[in-house]
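Notes follow once the structure below has been shown.
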Amino acid sequence: MPELPEVETVRRGLEAVLLGAQLRRVDQRRPDLRFPFPERFAERLTGRIVGALRRRAKYLIADLDSAESLVMHLGMSGSFRIEQGLSTGPPPSGMSTKDPAHDHVVFELSTGARIIYNDPRRFGFMLLISRQALAAHPLLRSAGVEPLSDEFDGAILAKVFAGKRTSLKAALLDQKLVAGLGNIYVCEALYRAGLSPLRLSTTLVRRNGAPSTRAMRLAHAIREVLEEAIAAGGSSLRDHRTINGGLGYFQHNFRVYGRADNSCARCGGTIKRVTQSGRATFYCGGCQR
DNA sequence: AGTTGCACCTGGCTGC
DNA sequence: TGCAGCCAGGTGCAAC
């Protein structure tokens, strides 16, 4: 599930129930996810009030009234769901009852709602970082430009691509260059921009460092695909769902991802699947150059 | 220093 | 039906 649009969708869903709420009880059900939980994790959270829920790159950041922030990453398979107080009996039809074996953290709120973090593969993690140290923390400090920020444009892309020896695919997946893109949205953005994922990233930079028109096209495509995905509630692959148990819809708008051997809607060419640095890349050999 | 490949983990799907 | 093998949204780190 979780690239930028999915994390943003989760943020919006959680914000609605979390903002201003007190964490009445925190149930940490195992010692670690990808990393060990922080020392006295539940204790440091219990009684705290959430003042803001932000996103930076693929991280969710909950600012607490204790001068610490809870930083969360969903990894590959992490998800949250919200249960309102009365959770006895069967769930409403159409809502998933995720397997409780992978419910690793349960936050009980003063409002009676429960927020449950589920993560089968346990590639996600949670950290507690003092707000003062937050900006300087390696995870956040090294994160690249936010693709939905005002400053994001072709010129920024040209700047971060300059001197790189890698393909566009690898460069866009590098969180230190552009924050929040993952395998799906990199494939989709490159398709929309008509650029081959195999192309060297430096070919989007003019000799004087200025962005080429390709760089501007790519910046536009990235912003567009992310905004559309967020508007659709993100993508729901496999069993991933939004906070309320509903599905995101953007997966129906994939134009190349997961569509190997289908024909391209733009040029009629055949969509290819290749492997780049160990990950599947989908693109149209006909119209992506 | 910059890049690539592997490891981390579980579950779902495919094909024999 | 059973099961081995492969694949998956991410990312840190070891190895070139």
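Quick caveat, the model's predicted, so the values are computed rather than measured. Each chain gets a letter, A, B and so on, in the order the sequences are listed, and its residues count up from 1.
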A/H73 side chain near C/dT11 phosphate (N/O to OP1/OP2, under 4.0 Å): yes

Presence of A/Q175 side-chain N/O under 4.0 Å of C/dT11 phosphate oxygens OP1/OP2: yes

Flag, side chain of A/R217 to backbone of A/A193, donor-acceptor distance under 3.5 Å: yes

Nearest-neighbour nucleotide for the A/H102 side chain, C/dG12, C/dG10, B/dG11 considered: B/dG11

Partner nucleotide of C/dC6 by Watson-Crick or wobble geometry (both distances under 3.5 Å): B/dG12

Check: A/R122 side chain, B/dT10 base, donor-acceptor under 3.5 Å: no

Integer-rounded Å distance: C/dA8 P and A/Q276 CD: 13 Å

Distance, rounded to the nearest Å, where A/D119 contributes CG and B/dT10 contributes C1': 10 Å

A/F123 over B/dC8, stacked by centroid distance under 5.5 Å, angle under 30°: yes

Whole angstrom value for the distance that separates C1' of C/dC13 from CZ of A/R34: 9 Å

Sugar-phosphate, base or nothing in reach of A/L139, heavy atoms under 4.0 Å: sugar-phosphate

Rounded distance (Å) that lies between atom P of B/dC6 and atom CE of A/M76: 16 Å

Base partner of B/dA7, which must satisfy Watson-Crick or wobble distances under 3.5 Å: C/dT11

Nucleotide nearest A/A170 (side chain, heavy atoms from C-beta), chosen from C/dA8, C/dG12, B/dT4: B/dT4

Phosphate-side-chain proximity, A/R279 and C/dG10, N/O vs OP1/OP2 below 4.0 Å: yes

Linked, directly or transitively: A/L134 and A/L70 (ILVMFWY side chains, under 4.5 Å): no

Minimum-distance pair of heavy atoms, taken over all atoms of A/F152 and A/R223: O-NH2, 3.1 Å

Whole angstrom value for the distance that separates C1' of C/dA8 from CZ of A/F282: 10 Å

Nucleotide B/dT4, atom P - distance to NZ of A/K176 in whole Å: 14 Å

Of the listed nucleotides B/dC9, B/dG11, C/dG12, the one nearest the side chain of A/P120: B/dG11

For atom CZ of A/R121 and atom P of C/dG12, their distance in whole Å: 16 Å

Touch class at under 4.0 angstrom, heavy-atom based, for A/G278 against every strand present: nothing

Interatomic distance at P, C/dA14 relative to B/dC9, whole Å: 16 Å

side-chain N/O A/K58 vs C/dG10 OP1/OP2, d < 4.0 Å: yes

Nearest-Å distance for atom pair CG/P, residues A/D174 and C/dT11: 10 Å

Parallel, tilted or perpendicular: rings of A/F80 and A/F107 (30°, 60°): tilted

Check ion pair A/R12-A/E15 (N to O, under 4.0 angstrom): no

Sub-4.5 Å side-chain heavy-atom contact between A/L74 and A/Y117: yes

